[in-house]
> 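Got a structure for you, written out below as structure tokens; questions coming shortly.
No hydrogens, no waters, no symmetry mates; every other heavy atom, side chains included, goes into these values.
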Amino acid sequence: MAARDRAAFAEFVAARSTALHRAAYLMVGDVGLAQDLVQEALTKTYVAWPRLREAGNAEAYTRKVITNTAITWFRRKGWHGERATGDLPERAQGGHADHVADRTALMQALQQLPPRQRAAIVLRFYDDLTEAQTAAAMDCAVGTVKSQVSAGLAKLRVLLGDAVDPSDWDDLMPAGGAA
């Protein structure tokens, strides 16, 4: 790879890695797994960089790799999504306690969705991609995105019940970083 290409790739990574990490975190629900997922996706993007030519193509390609890899990881036989601890730390006291509880409930519910539904919801509502962009990232038809989002939202409503108001979901997604 030419020095110019390496510099362009480094610039892409510096500009977009935080957003890619947040999306990966929402898909897998674990900071360490999200870091591994982004690293794997960026490695594949580096290899493909000469044929991508534009940063917009690179981001779409990287999101597609993240989505497909996350779905593959969850399909692997024997991987059960184990976490270091099942107990949440004590809740923070103060004015934002309700927000923290709502965000925790939403994150737990999101992790209970099947991988494709979770990926569709994260890409559509967190990354604010269009249905067509989401379909490209998931390597499926726009109709599949619509059905996955619809089923995922229905399941979230059942899982959350009255615990979280759906109109507050946008406010509950992490904006400044994962977790």
Side-chain angles (χ1 to χ4, degrees), residues 9 12-13 15-83 103 106-160 164 166 169-175 177-179:
F9 179 77
F12 165 73
V13 170
R16 303 306 304 151
S17 62
T18 301
L20 294 169
H21 183 265
R22 284 190 303 248
Y25 171 76
L26 289 171
M27 286 186 203
V28 298
D30 181 86
V31 173
L33 285 176
Q35 290 169 344
D36 292 346
L37 186 58
V38 170
Q39 186 66 38
E40 186 169 330
L42 288 174
T43 300
K44 290 178 181 180
T45 301
Y46 181 81
V47 171
W49 190 259
R51 72 173 190 264
L52 296 174
R53 302 196 196 284
E54 296 179 19
N57 293 340
E59 184 162 0
Y61 178 85
T62 306
R63 286 188 188 284
K64 186 174 186 173
V65 172
I66 287 171
T67 302
N68 290 339
T69 304
I71 290 169
T72 299
W73 284 359
F74 283 103
R75 286 184 178 162
R76 273 191 197 149
K77 191 175 182 176
W79 190 80
H80 302 291
E82 296 161 350
R83 304 289 188 262
R103 184 172 159 196
L106 179 59
M107 289 300 297
Q108 288 173 344
L110 190 61
Q111 293 307 308
Q112 292 180 48
L113 295 179
R116 289 183 62 82
Q117 288 177 10
R118 183 179 329 129
I121 287 174
V122 167
L123 292 170
R124 282 286 290 132
F125 299 108
Y126 179 73
D127 284 341
D128 201 26
L129 299 182
T130 65
E131 289 171 339
Q133 290 169 325
T134 302
M138 293 180 66
D139 199 23
C140 66
V142 171
T144 302
V145 169
K146 290 178 180 181
S147 65
Q148 292 292 319
V149 166
S150 177
L153 289 175
K155 187 165 184 178
L156 282 175
R157 285 183 186 101
V158 168
L159 290 169
L160 294 170
V164 178
W169 290 0
D170 289 340
D171 298 333
L172 299 176
M173 293 294 190

> Only distances under 3.5 Å count here; give the side-chain donor-acceptor pairs of residues 143-155 to other protein atoms, sequence neighbours excluded, each with its distance to 0.1 Å.
| residue | atom | partner | partner atom | Å |
| --- | --- | --- | --- | --- |
| Ser147 | OG | Gly143 | O | 3.4 |
| Ser147 | OG | Thr144 | O | 2.9 |
| Gln148 | OE1 | Gln117 | N | 3.3 |

> Between Asp36 and Trp73, does the side chain to side chain contact (heavy atoms under 4.5 Å, CB included) criterion hold? Intermediate values first, please.
CA-CA 11 Å; Asp36 292 346; Trp73 284 359; 4.0 Å; yes
> Of all residues at least two apart in sequence or in a different chain, which pass the side-chain contact (heavy atoms from CB on, under 4.5 Å) check with Asp139?
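Asp139: side-chain contact (heavy atoms from CB on, under 4.5 Å) contacts with Lys64, Asn68.
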> Parallel, tilted or perpendicular, judged at 30° and 60°: which one describes the rings of Trp49 and Phe12?
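It falls in the tilted class, 30° to 60°.
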> Drop me the distance from Leu26's CG to Gln111's CD, to the nearest 0.5 angstrom.
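Reported value, rounded in 0.5 Å steps: 8.0 Å.
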> Using modelled atom types and a 3.5 Å cut-off, is there a donor and acceptor pairing between side-chain atoms of Asp127 and backbone atoms of Leu129?
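A pair under 3.5 Å: no.
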> Not counting sequence neighbours, which residues clear side-chain contact (heavy atoms from CB on, under 4.5 Å) with Lys44? List them please.
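Checked Lys44 against side-chain contact (heavy atoms from CB on, under 4.5 Å); matches are Glu40, Tyr61, Val65, Thr69.
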> Quick one: sort the His21 and Tyr25 rings into parallel, tilted or perpendicular, breaks at 30° and 60°.
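Taking Tyr25 first and then His21, their aromatic rings lie parallel (interplane angle under 30°).
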> Where do Leu52 and Asn57 come nearest, in terms of heavy atoms and distance?
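Closest approach of Leu52 to Asn57: O-ND2, 3.0 Å.
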> Quick one: CG on Leu156 to CD1 on Ile121, what's the gap to the nearest 0.5 Å?
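One gets 4.5 Å once the value is rounded to the nearest 0.5 Å.
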> Can you name the closest pair of heavy atoms from Ala24 and Val38 and give their distance?
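For Ala24 and Val38, the tightest heavy-atom pair comes out as CB-CG2, 3.7 Å.
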> Taking only residues two or more places apart in sequence or in another chain, which ones pass side-chain contact (heavy atoms from CB on, under 4.5 Å) with Gln112?
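For Gln112 the side-chain contact (heavy atoms from CB on, under 4.5 Å) partners, ignoring immediate neighbours, are Leu159.
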> If you round to the nearest 0.5 Å, how far is CZ of Arg116 from CD1 of Ile71?
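CZ of Arg116 is found 5.0 Å from CD1 of Ile71.
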> Using the rule given for side chain to side chain contact (heavy atoms under 4.5 Å, CB included), can you reason through Thr45 versus Val13, listing the C-alpha separation, both sets of side-chain angles and the distance that settles it, and then say yes or no?
CA-CA 10 Å; Thr45 301; Val13 170; over 6 Å; no
> For Arg118, which residues count as a side-chain hydrogen bond (donor to acceptor under 3.5 Å, both in side chains) partner, sequence neighbours excluded?
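Scan of Arg118 (side-chain hydrogen bond (donor to acceptor under 3.5 Å, both in side chains), adjacent residues dropped) gives none.
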> Evaluate side chain to side chain contact (heavy atoms under 4.5 Å, CB included) for Met27 paired with Tyr126, printing each intermediate quantity in order.
CA-CA 11 Å; Met27 286 186 203; Tyr126 179 73; over 6 Å; no
> Treating Gln39 as the side-chain partner and Ala34 as the backbone partner, does any N or O pair qualify as donor plus acceptor under 3.5 Å?
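A pair under 3.5 Å: no.
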> Look up atom OG1 in Thr67 and atom CG in Leu123, then write down how far apart they are to the nearest 0.5 Å.
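Going from OG1 on Thr67 over to CG on Leu123, the span is 4.0 Å.
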> With sequence neighbours left out, what residues match Arg16 under salt bridge (Lys or Arg N to Asp or Glu O under 4.0 Å)?
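Listed in chain order: Glu59.
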